[in-house]
*Asks:* 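First, the structure itself, so that you have it in front of you.
As the structure lists them, so they are numbered: ligands from 1, and atoms in each ligand from 1.
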Amino acid sequence: MRFFNTLTRRLEEFREIEKGKIGLYTCGPTVYDYPHIGNYRSYVFEDLVKRFFIFSGYRVRHVMNITDIDDKTIRKANELGVPLAEVTQKFIDAFHGDLRRLNILKADVYPRATEHIPEMLSLIAVLLDKGFAYKKDGSVYFSIESFKEYGRLANIDRDKLKPGAAVDSDEYDKEAVQDFVLWKGRKSGEPSWPAAFGEGRPGWHIECSAMSMKYLGAHFDIHMGGVDNIFPHHENEIAQSECANGRTFVNYWLHCQHLVVDNRKMSKSLGNVYTMDDLRQRGLDPMAVRYLLISSHYRKLLNFTFAGLEMAGQALNRIKNFIFSLKNVRAEGDADPDLCAAIDASLNAFRKNMADDFNVSGALGVMFDLIHEVNPRLNALSQKDAANVLDYLQRLNTVLGVLDQGESAPLAADIEEKIAQREKARKGKDFALADAIRAELKKQGIVLLDTPDGVKWKKE
Ligand code: AMP
Ligand code: ZN
């Protein structure tokens with residue numbers, strides 16, 4: 001398996017630290033508002049990567065932090081005049097609801113920054129001790145000059161560094177490459193914790209270093225986030241972690257390009273965001289959102305449009321209709337060896353595409369090729385053939401995650417039962433009951449088709 005490592009700017013063959021296991025850290029949400037679908041592009045991509053590793057036989061330990069204290073969360077709590085924890089809890093709950101809707105696998109741990117202050121304090125103490133950090137006006141800063149690798153991830157020319165100049169805010173751009181804050185001295189209107197180096201609260205970057213180290217160790221396999229995390233956040237995480245531990249922090253850095261609207265990053269500050277709730281209110285299917293977000297390559301910008309979302313929904317419907325037709329196959333007979341071979345070849349091609357820098361469009365193309373090959377031959381399939389194709393789709397879906405359980409699982413017995421009841425009613429000339437059953441199924445999105453070969457059904 002190979003993919004693009006931001007750190008080396010090359011496609012690299014993946015080698016895990018401990019055989020068969022992967023330590024994975026993904027930067028989680030800053031819970032000051034509802035996450036938008038730009039954020040979810042990154043989270044869904046991370047989920048796709050994780051699912052593919054699991055599909056490939058790895059055991060993945062996934063840690064995703066929750067940033068529940070930083071400049072933005074504090075500002076929001078002060079604006080609303082409510083305690084910080086009240087604001088953050090509301091958005092943490094919303095986030096978990098969205099994860100479920102988008103069929104994102106749960107992380108093993110969701111550590112919250114406010115619950116890891118002691119770990120951050122010890123990390124800062126080590127950095128001070130080793131001379132990588134200094135105190136100034138009640139705060140503690142990291143000295144970028146002290147780390148000769150500083151700027152490697154974001155590919156920053158060391159001539160551009162402005163050592164000695166200190167920056168207090170959590171976010172800044174490449175034009176302001178300065179000593180960044182590890183611990184912010186106490187200010188009125190901000191929560192604070194006692195510390196040997198003065199009461200205060202953590203900067204954003206130290207949070208991820210402390211929490212990843214606690215749950216994955218000083219050296220682990222993969223760290224992911226959106227491209228906007230490369231600088232300064234991930235650059236600073238590397239500096240803090242490597243200086244404190246004296247060893248490599250992370251082997252592979254994977255970054256997802258932005259979701260944009262008219263060529264501008266979807267972001268709260270630009271006001272061009274859609275939340276999952278906005279889309280739900282427009283009656284849009286979360287699985288179509290997931291399909292849209294995974295279907296273009298992670299290193300390319302993805303322009304969000306409603307037309308694009310509709311097309312994603314249509315592609316998804318093609319798969320669902322195919323599945324419903326397969327579930328309707330009734331013919332007896334053996335499994336066709338040619339079809340078995342085609343399925344095997346398709347599964348391998350799917351795997352090969354995904355293993356090549358997560359070429360998901362290639363992988364989806366392989367799946368649709370098989371669908372197009374089988375679709376015209378549905379009448380010639382035996383039930384065994386249909387089961388084999390369904391099984392194949394189910395395996396692919398463990399990676400793609402675009403079909404929910406009910407759709408990828410074999411025909412729900414109760415739908416078949418309903419169809420049988422309706423047939424019985426019709427034979428007994430109880431057309432009112434037959435119509436009622438048809439209407440009930442329609443409500444569940446199931447359409448019945450009376451054909452010369454009997455009753456067929458499909459999803460609307
Ligand atoms: P934040 O809550 O701002 O810390 O962002 C959470 C995650 O979403 C980070 O990994 C960001 O890089 C990512 N992100 C933010 N905006 C976008 C966007 N428009 N497209 C893709 N990822 C994004
Ligand atoms: Zn982070």
*Asks:* Is Asn39 in polar range of ligand 1, meaning some N or O pair under 3.5 Å apart?
*Replies:* yes
*Asks:* Atom CD1 in Ile69, atom CZ in Arg112: separation rounded to 0.5 Å?
*Replies:* 13.0 Å
*Asks:* For atom 9 (C) of ligand 1, what is the closest protein heavy atom, and at what distance to 0.1 Å?
*Replies:* Asn229 OD1, 3.3 Å
*Asks:* Give me the residue, atom name and distance of the protein heavy atom closest to atom 2 (O) of ligand 1.
*Replies:* Thr30 N, 3.0 Å
*Asks:* With respect to atom 12 (O) of ligand 1, which of Leu301, Thr26, Asp228 exhibits the smallest heavy-atom separation?
*Replies:* Asp228
*Asks:* Asp93 and side-chain hydrogen bond (donor to acceptor under 3.5 Å, both in side chains): which partner among Gln89, His96, Lys90?
*Replies:* Gln89
*Asks:* Please confirm whether Lys50 makes a cation-pi placement over Phe53, using NZ or CZ under 6.0 Å from the six-membered ring centre and within 45° of the ring normal.
*Replies:* no
*Asks:* Decide yes or no on side-chain contact (heavy atoms from CB on, under 4.5 Å) for Tyr298 and Asp357, but give the supporting numbers first.
*Replies:* CA-CA 9 Å; Tyr298 76 99; Asp357 200 26; 2.4 Å; yes
*Asks:* Under the side-chain contact (heavy atoms from CB on, under 4.5 Å) criterion, do Phe220 and Val250 qualify, and how do the steps go?
*Replies:* CA-CA 5 Å; Phe220 58 93; Val250 168; 3.4 Å; yes
*Asks:* For atom 21 (C) of ligand 1, which of the options Pro29, Gly38, Pro35, Gly28 provides the nearest non-hydrogen atom?
*Replies:* Gly38
*Asks:* Check the pair Asp168, Lys136 against salt bridge (charged side-chain N to carboxylate O under 4.0 Å, His left out), reporting the backbone distance first and the verdict last.
*Replies:* CA-CA 11 Å; Asp168 278 315; Lys136 191 178 146 195; over 6 Å; no
*Asks:* Do Trp204 and ligand 1 have an N or O pair less than 3.5 Å apart?
*Replies:* no
*Asks:* Give the numbers and elements of all ligand 1 atoms closer than 4.0 Å to a heavy atom of Gln257.
*Replies:* 21 (C)
*Asks:* State plainly whether the residues Arg101 and Asp277 are in salt-bridge range, i.e. N to O under 4.0 Å.
*Replies:* no
*Asks:* Give, rounded to 10 degrees, the angle between NE2 (His233) and SG (Cys208) as seen from the Zn ion (ligand 2).
*Replies:* 110°
*Asks:* Name the one of Ile54, Asp47, Leu48 that satisfies side-chain contact (heavy atoms from CB on, under 4.5 Å) with Val399?
*Replies:* Leu48
*Asks:* Any idea which atoms of ligand 1 are less than 4.0 Å away from a heavy-atom of Met266?
*Replies:* 16 (N), 18 (C), 19 (N)
*Asks:* Enumerate the atoms of ligand 1 whose separation from the nearest heavy atom of His36 is less than 4.0 angstrom.
*Replies:* 16 (N)
*Asks:* Would you mind listing which atoms of ligand 1 come within a distance below 4.0 Å of any non-hydrogen atom of Tyr43?
*Replies:* 6 (C), 7 (C)
*Asks:* Identify whether the distance between the nearest side-chain nitrogen and carboxylate oxygen of Arg201 and Asp71 falls below 4.0 Å.
*Replies:* yes
*Asks:* Which protein non-hydrogen atom lies closest to atom 16 (N) of ligand 1, naming both residue and atom, and how far is it?
*Replies:* Lys265 CE, 3.4 Å
*Asks:* Among protein heavy atoms, which sits nearest to atom 3 (O) of ligand 1, and what does the distance come to when rounded to 0.1 Å?
*Replies:* Lys72 NZ, 4.0 Å
*Asks:* Can you tell me the protein heavy atom closest to atom 13 (C) of ligand 1 and the distance?
*Replies:* Ser42 OG, 3.6 Å
*Asks:* Would Glu46 count as a polar contact of ligand 1, with the cut-off being nitrogen or oxygen pairs under 3.5 Å?
*Replies:* no
*Asks:* Do Val260 and Met266 touch side chain to side chain, with heavy atoms closer than 4.5 Å?
*Replies:* no
*Asks:* Could you tell me which atoms of ligand 1, counted from 1 in the order shown, lie closer than 4.0 angstrom to a heavy atom of Gly225?
*Replies:* 10 (O)
*Asks:* Can you find an N or O of Val227 that's nearer than 3.5 Å to an N or O of ligand 1?
*Replies:* no
*Asks:* Using 4.0 Å as the upper bound for N to carboxylate O, is an ion pair formed by Asp33 and Lys72?
*Replies:* no
*Asks:* Polar-atom distance check: Leu259 versus ligand 1, any N or O pair below 3.5 Å?
*Replies:* yes
